[in-house]
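Because the structure is a prediction, the values reported are computed rather than measured.
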2 protein chains.
Amino acid sequence: MTPKTVSRALNDAPHVSEAVRQKVKAAAEELDYHPNIAAQSLIARRSFLIGLTYERPSPSYVVELQNGALGRLEDGRYRLVVLPFSHVASRPEELGRLLLRAGLDGILLAPPACDQPALLNMLERQKLPYARITPHSELDRGIVVTMDETAAGQAVAAHLLSMGHRLIGIVLGDPSHAASMGRMEGYRRAFSELQVPIDESLIVTGDFTYDVGYRVARTLLIRSPRPTAILAQNDDMAVAAIAAARDLGLAVPHDLSVAGFDNSEVSRTAWPQLTTVNQPVRQMAWDAADRLIAALDGKSDGTAPLRRDHAHELLIRASTAAPGAP
Amino acid sequence: MTPKTVSRALNDAPHVSEAVRQKVKAAAEELDYHPNIAAQSLIARRSFLIGLTYERPSPSYVVELQNGALGRLEDGRYRLVVLPFSHVASRPEELGRLLLRAGLDGILLAPPACDQPALLNMLERQKLPYARITPHSELDRGIVVTMDETAAGQAVAAHLLSMGHRLIGIVLGDPSHAASMGRMEGYRRAFSELQVPIDESLIVTGDFTYDVGYRVARTLLIRSPRPTAILAQNDDMAVAAIAAARDLGLAVPHDLSVAGFDNSEVSRTAWPQLTTVNQPVRQMAWDAADRLIAALDGKSDGTAPLRRDHAHELLIRASTAAPGAP
DNA sequence: CCACTTTATGTCAACGTTTACCGATTCTCG
DNA sequence: CGAGAATCGGTAAACGTTGACATAAAGTGG
């Protein structure tokens, strides 16, 4: 029996009698034989590796991203390689080289890597397919999965405004992250829709981390007049704002309402539980992996739009209330 | 120029003149040429892939594990493939097949997979090297990186006992996780050292998740007499216990002290901040990856012990106090 | 029963790289 | 200047699998 026959038997290819097929499979089982993936990759010109690159430090975000992608990959044909990378903005070509050297079939790009034109250029030049998860710019480039950040930002700001808040502090995330700008744009729309002017001096910049969030939230809370609410651009910074308020003797939500973003684990374990926006990270990652694989397998029928928007969900919990409410 | 010469030039092998080497490298740069990894793997009989398998749901644990391993892999020679797997205990062979099919050079096993003898047997039979992170049983098998769970459990229990607590509720994690047993053993030692009897009826079983932790902690808190302290086997369940206490009108730590385990993100963002034990997950993962790679590269000098213990660190924060203290 | 189709099995080459080996050129030193 | 060594470049084979193609065997129809 030639290797060829074995190959045909194991791959359920035609032109093998059922008897031989059974015998081969039994023997393979017996010997714990597994085809050599490197050889398969060499001839198929594919590695069956999907990369996932990200930078955001939040563990829950990273894990949601991974689990979403892995959920789509669970048949085991493709494998997921994690490639975190810091400071993409300052050295996109370096990440590009890393990705190209990794021998991937395709790559899932989370923020902020998905918004680096230099990186996308490199990947396209080398014909390495990619899917972008919640990019902010060049939304018609490649496979794109987004949440409408602006609509989400508008929803959460409108929530605070509708409860009567007028002095609202805003804690931005890392400005190089696209989400930061989109969410801010949404805040502005909500304000302008109600013709409430935004006090630009109440806008401070964090970097999505707890520590910096605490510091900048504190600067807002020692101002006079003090804002009655804080819009934080993610949950970690929102929780930090609550801690800063507590350390200043302020009760949440009685003296200060706080809203976050992302519906992360801490938004539920925090006290009071955070009003936040659920970004369907897992579903978006699943979708991105799904469409990337469809493209790799050539099953993309060309009719599916390259871009798909997933809906946000405003989660109103205990950290927001009307100003001065009990 | 033959492919051979190119290969030698790029790999800094001898027998190539410096002039040719420079020319080749310049051309490679120019053309964005990258050697085909599948071909290299085929001939080297290695995939340069390291697997990481885990089951624990806690995002911060998973991310610490990954970051630790990735920290060691950052030269880019090896790549990290993530392979989460649920319910290992009930189907270890299935995970084994998954790992063997993935074409890995080596595998990092986190709990509870690292404690499945059937799995270890399969890996050994197929000569797939592995490193075990905080296993509980068969500690002399393969590369082992541990924290002394028992000593850590003893330390945290001793902390509560030394403050005067005598009625202490214990919330176990998933009993199939090895850490759970080791930590419990440490609790018992602390009690017996002070000759305080353990009330077995105050021991309840969770599964390391917040939701179940909340439920079982609640059953402890509605008992009479009510325990004055709770030892939870991880931070998620400890935070859940705090929430359960609060929902019953109990103040932490005035009416109830709570101690956790793992020094996870939530232990810091929780309020009050959790007394907990720092398990140096990142360092252990780094160490496991380091020694696995040393073995793969044949650089293991044979003198390094296969097992290495990392020290725990008791972090006393605001969630524990003497019973009835203000 | 022969020509013809279908099915089963085998042979060969190819994927892109590296290792082993060989011949040619250049260098070193007596 | 010549012998031996070191250096440089090249050729062939190998890694394990699969696709294209060939051959053999079996089935089918007139």
Side-chain angles (χ1 to χ4, degrees), chain A residues 1-49 75-79 97 99-106 126-129 296-298, chain B residues 1-49 75-79 97 99-106 126-129 296-298:
Chain A
M1 185 156 4
T2 63
K4 176 72 231 150
T5 305
V6 174
S7 163
R8 274 197 288 239
L10 293 177
N11 293 316
D12 291 318
H15 304 304
V16 178
S17 66
E18 199 50 37
V20 171
R21 188 187 305 281
Q22 292 305 331
K23 221 172 67 182
V24 168
K25 285 194 172 181
E29 181 77 18
E30 173 75 21
L31 300 168
D32 284 311
Y33 166 83
H34 300 277
N36 181 309
I37 296 193
Q40 289 180 322
S41 296
L42 183 57
I43 189 155
R45 285 120 181 276
R46 315 221 220 154
S47 60
F48 298 101
L49 294 174
D75 60 11
R77 203 161 60 95
Y78 285 92
R79 295 159 292 169
R97 276 192 293 273
L99 299 181
L100 292 171
R101 273 210 211 116
L104 307 168
D105 282 350
Q126 298 288 308
K127 306 228 184 304
L128 177 58
L296 294 178
D297 292 349
Chain B
M1 187 156 4
T2 63
K4 173 67 227 154
T5 305
V6 174
S7 164
R8 274 200 288 239
L10 293 176
N11 293 315
D12 291 318
H15 303 305
V16 177
S17 66
E18 199 49 37
V20 172
R21 187 186 306 283
Q22 292 305 332
K23 220 172 70 184
V24 168
K25 286 194 171 179
E29 181 77 18
E30 173 74 21
L31 301 168
D32 285 309
Y33 166 83
H34 300 280
N36 181 310
I37 296 194
Q40 289 180 322
S41 295
L42 182 58
I43 189 155
R45 286 118 178 277
R46 317 223 219 150
S47 60
F48 299 101
L49 293 174
D75 61 11
R77 203 160 59 95
Y78 286 93
R79 295 158 291 169
R97 276 192 294 274
L99 298 181
L100 293 171
R101 269 207 216 120
L104 307 167
D105 283 350
Q126 298 289 309
K127 306 228 184 303
L128 178 57
L296 295 178
D297 292 349

* To do: Find out whether B:Leu49 and A:Arg79 are in side-chain contact, i.e. whether some heavy atom of one side chain is under 4.5 Å from a heavy atom of the other.
  => yes
* Structure fact -> Taken to the nearest 0.5 Å, the spacing of B:Leu99 CG from B:Arg97 CZ works out to 11.0 Å
* To do: Give the angle between the helix axes at the two ends of the helix from C:dC1-D:dG30 to C:dG30-D:dC1, taking five base pairs at each end and rounding to 10°.
  => 30°
* **Approximate separation, where rounding is to 0.5 Å, of A:Ser41 OG and B:Ile37 CD1** => 10.0 Å
* Under the side-chain hydrogen bond (donor to acceptor under 3.5 Å, both in side chains) test, which residues partner B:Asp105, sequence neighbours left out? -> B:Ser47
* **Any residue of residues 32-41 of chain A with a heavy atom less than 4.0 Å from an atom of DNA chain C** => none
* What residues, two or more places apart in sequence or in another chain, satisfy side-chain contact (heavy atoms from CB on, under 4.5 Å) together with B:Arg77? -> B:Phe48, B:Asp75, B:Ile293, B:Asp297
* Compare side-chain N and O positions of B:Arg46 against OP1 and OP2 of D:dC15 and report whether any pair is under 4.0 Å apart. => no
* What is the minimum heavy-atom distance between B:Leu296 and B:Gly106, and which atoms define it? -> CD1-N, 4.4 Å
* Asked: Within this structure, what is the CZ-to-P distance between A:Arg101 and C:dG16, rounded to whole angstrom?
  -> 20 Å
* Whole angstrom is fine here: how far is it from CG in A:Leu42 over to P in C:dA13? => 17 Å
* Structure fact -> Taken to the nearest whole Å, CD1/A:Ile43 to P/C:dC12 is 17 Å
* **Check: A:Arg101 side chain, B:Gly76 main-chain N or O, donor-acceptor pair, under 3.5 Å** => no
* Structure fact -> CG (A:Asp32) and CD (B:Gln126) are apart, to the nearest 0.5 Å, by 4.0 Å
